[in-house]
Protein chains: 2
Amino acid sequence: MKSKHIPRATIQRLAVYLQVLEALNDEEIEVVSSEALARACDVNPSQIRKDLAYFGEFGVRGVGYYVAKLIQSIKVSLGTDRIWRTALIGVGNLGRSLLRYKGFPKRGFQVVAAFDCDPFKIGETIAGLEVMCPRRMKENVKDMRIEIGIITTPTDRAQRAANYLVESDIHCILNFSAARIHVPDHVFVEYVDFFHHLYALTFKLNTSAVQRFESFSKN
Amino acid sequence: MKSKHIPRATIQRLAVYLQVLEALNDEEIEVVSSEALARACDVNPSQIRKDLAYFGEFGVRGVGYYVAKLIQSIKVSLGTDRIWRTALIGVGNLGRSLLRYKGFPKRGFQVVAAFDCDPFKIGETIAGLEVMCPRRMKENVKDMRIEIGIITTPTDRAQRAANYLVESDIHCILNFSAARIHVPDHVFVEYVDFFHHLYALTFKLNTSAVQRFESFSKN
DNA sequence: GCAAACATGTTCATTTTTTCACAACTCATT
DNA sequence: AATGAGTTGTGAAAAAATGAACATGTTTGC
């Protein structure tokens, strides 16, 4: 395997494989073929083999993939074979929900600090974390070894939150707000918005409705 | 423009364009060029022009795109120039948060029914909706003209929820649970999991760390 | 020990997506 | 009216992703 650029789509699929493999593991299934895994993930078997080949040779010819080992290999490939320490900025409804969410550690993450610029929220304790002023972010990021920032502010506060994060030397941002944010080149930003998925659905509904209409008109 | 298959990536980008355009509209900017929009969305200008060309000719040569008109055109293209009626299944933490979330109408959606199989939850009223038993789903879907189902159950209940939806003649499912669900071919499913985005970040962090290490070793 | 069945890793052809480059068109200015 | 600067829509080229095919390796059964 030679080092090469890895498609973003591959990373997304790896996340899916991981989820399906965890389910297989829970069912105490020990070995899986690319074909069986492909059926479960609704992709092409070669696709899976190729995706995995970017990172190494994890399977056994004539046998398949050992589920537990493959899970571990994918976690290493994605970088989630350890716990990443994150900070959350913006303690509104969404922020509070995330702070109270128990599922982070299982997926390789931990929220270790919460920030909000609202003086009424600063000092409040949520899920064991004291809400802090963003002005104190830089020192906290350093002291607490925070590597990822999660923005859950309202749209109009997102850029300021991003600025605080960048000034605190964080290069990785997960942005739940509706704002596009501008950061230096070396900073990675991922945008989360479940409406995008709803749009994908309405688009399909729409076009399939149009198709039905058109074939109806022709007859 | 001839009718052709439209890439999924195009749909996702349209959603981004829409968000940026709404922001421009709020700033009362009336006209935008593909180049300016491209900068804001961090994509290639021709990409934008081509994405839009799938659906029609929305711009004016020598001028650019009229923001308000383009917003409307994209909404029509995505099918969100109206309100879609959705039902939510699974009234846990996430389900409750979504039911209480005020932002649906602005994005073209409305949650008009909530289901849960827990007898202690049935009858409870959340955000003005009475939680109902999934066994009553089919009649409700018909009566209330529900077109999209949103699954917010625990992982092990997701498939059953999907079955209820399919039996109720719903062809569109947004699945927030961690389970892959199996449905007939004519049913569309979209999966929402923000950890996938975190994985994309840790992957990049990991590889850029490796690269730094490797170039350090060489010197 | 050998053959048959199985399944991976990888190459190669195909398909899809992105980017480039430019003709076509608009508008402001002279 | 003509010129020039600006911008779209689109065909062609380039790049990237996908899928099929097969050589390579493993296991089972006889």
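Note on naming: letters A, B, ... go to the chains in the order of the sequence lines (proteins, then strands), and numbering restarts at 1 for each one. Note: hydrogens, waters and symmetry copies are ignored here, and every other heavy atom, side chains too, is used.
Distance A/Gln12 CD to D/dA16 C1': 16 Å, rounded to the nearest Å. One atom, OH of B/Tyr54, and another, C1' of D/dT8, lie 17 Å apart when rounded to the nearest Å. Distance A/Arg49 CZ to D/dT18 C1': 13 Å, rounded to the nearest Å. Rounding to whole angstrom units, CD of residue A/Glu57 and C1' of D/dT24 are separated by 11 Å. A/Phe55 places its CZ atom 16 Å from the C1' atom of C/dG9, with the value rounded to the nearest Å. B/Leu52 places its CG atom 16 Å from the C1' atom of C/dT17, with the value rounded to the nearest Å. When the C1' atom of C/dT18 is taken as reference, atom CD1 of B/Ile6 falls 16 Å away, rounded to whole Å. Regarding A/Asp51, its CG atom lies at a distance of 17 Å from the P atom of D/dA16, rounded to whole Å.
Applying the ring-ring contact (aromatic ring centres under 6.0 Å, His included) criterion to A/Phe176, with sequence neighbours excluded, gives B/Phe194. Residues satisfying the ring-ring contact (aromatic ring centres under 6.0 Å, His included) criterion with A/His197, sequence neighbours excluded, are absent altogether. In this structure, B/Arg61 has no salt bridge (charged side-chain N to carboxylate O under 4.0 Å, His left out) partners at least two apart in sequence or on a different chain. Applying the side chain to side chain contact (heavy atoms under 4.5 Å, CB included) rule to A/Val31 yields the partners A/Val63, A/Tyr66; only residues at least two apart in sequence or on another chain are considered. Applying the side chain to side chain donor-acceptor pair (under 3.5 Å) criterion to A/Arg85, with sequence neighbours excluded, gives no partner residue. Checked against salt bridge (charged side-chain N to carboxylate O under 4.0 Å, His left out), A/Arg49 has no partners two or more places apart in sequence or in another chain.
For the segment residues 60-71 of chain B, the set of residues with a heavy atom within less than 4.0 Å of an atom of DNA chain D comprises B/Val60, B/Arg61, B/Gly62, B/Val63, B/Gly64, B/Tyr65, in numerical order. The stretch residues 13-47 of chain B touches DNA chain C through B/Arg13, B/Asn44, B/Ser46, B/Gln47, each having a heavy atom under 4.0 angstrom from the strand.
When the nucleotides C/dT18, D/dG9, C/dT11 are ranked by their closest atom to the side chain of B/Lys50, C/dT18 comes out on top.
Residue pairs that meet the salt bridge (charged side-chain N to carboxylate O under 4.0 Å, His left out) test with at least one member in residues 30-39 of chain B, sequence neighbours left out, are B/Glu35-B/Arg39. The side chain to side chain donor-acceptor pair (under 3.5 Å) pairs that include a residue from residues 168-183 of chain A are A/Asn175-A/Ser177, where partners are two or more places apart or lie in different chains.
In summary, B/Glu147 and B/Arg82 engage in a salt bridge, as defined by a charged side-chain N under 4.0 Å from a carboxylate O.
Distance alone, capped at 3.5 Å, is enough to place a donor-acceptor pair between the B/Trp84 side chain and the B/Gly79 backbone.
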Each nucleotide N or O in nucleotides 28-30 of chain D that has a protein N or O under 3.5 Å away: list the pair and distance.
none

Output side-chain donor-acceptor pairs under 3.5 Å for residues 104-112 of chain A, partner residues at least two apart or in another chain, one line each.
{"unit_1": "A/Arg107", "atom_1": "NE", "unit_2": "B/Tyr199", "atom_2": "OH", "d": "3.2"}
{"unit_1": "A/Arg107", "atom_1": "NH2", "unit_2": "B/Asp193", "atom_2": "OD2", "d": "2.7"}

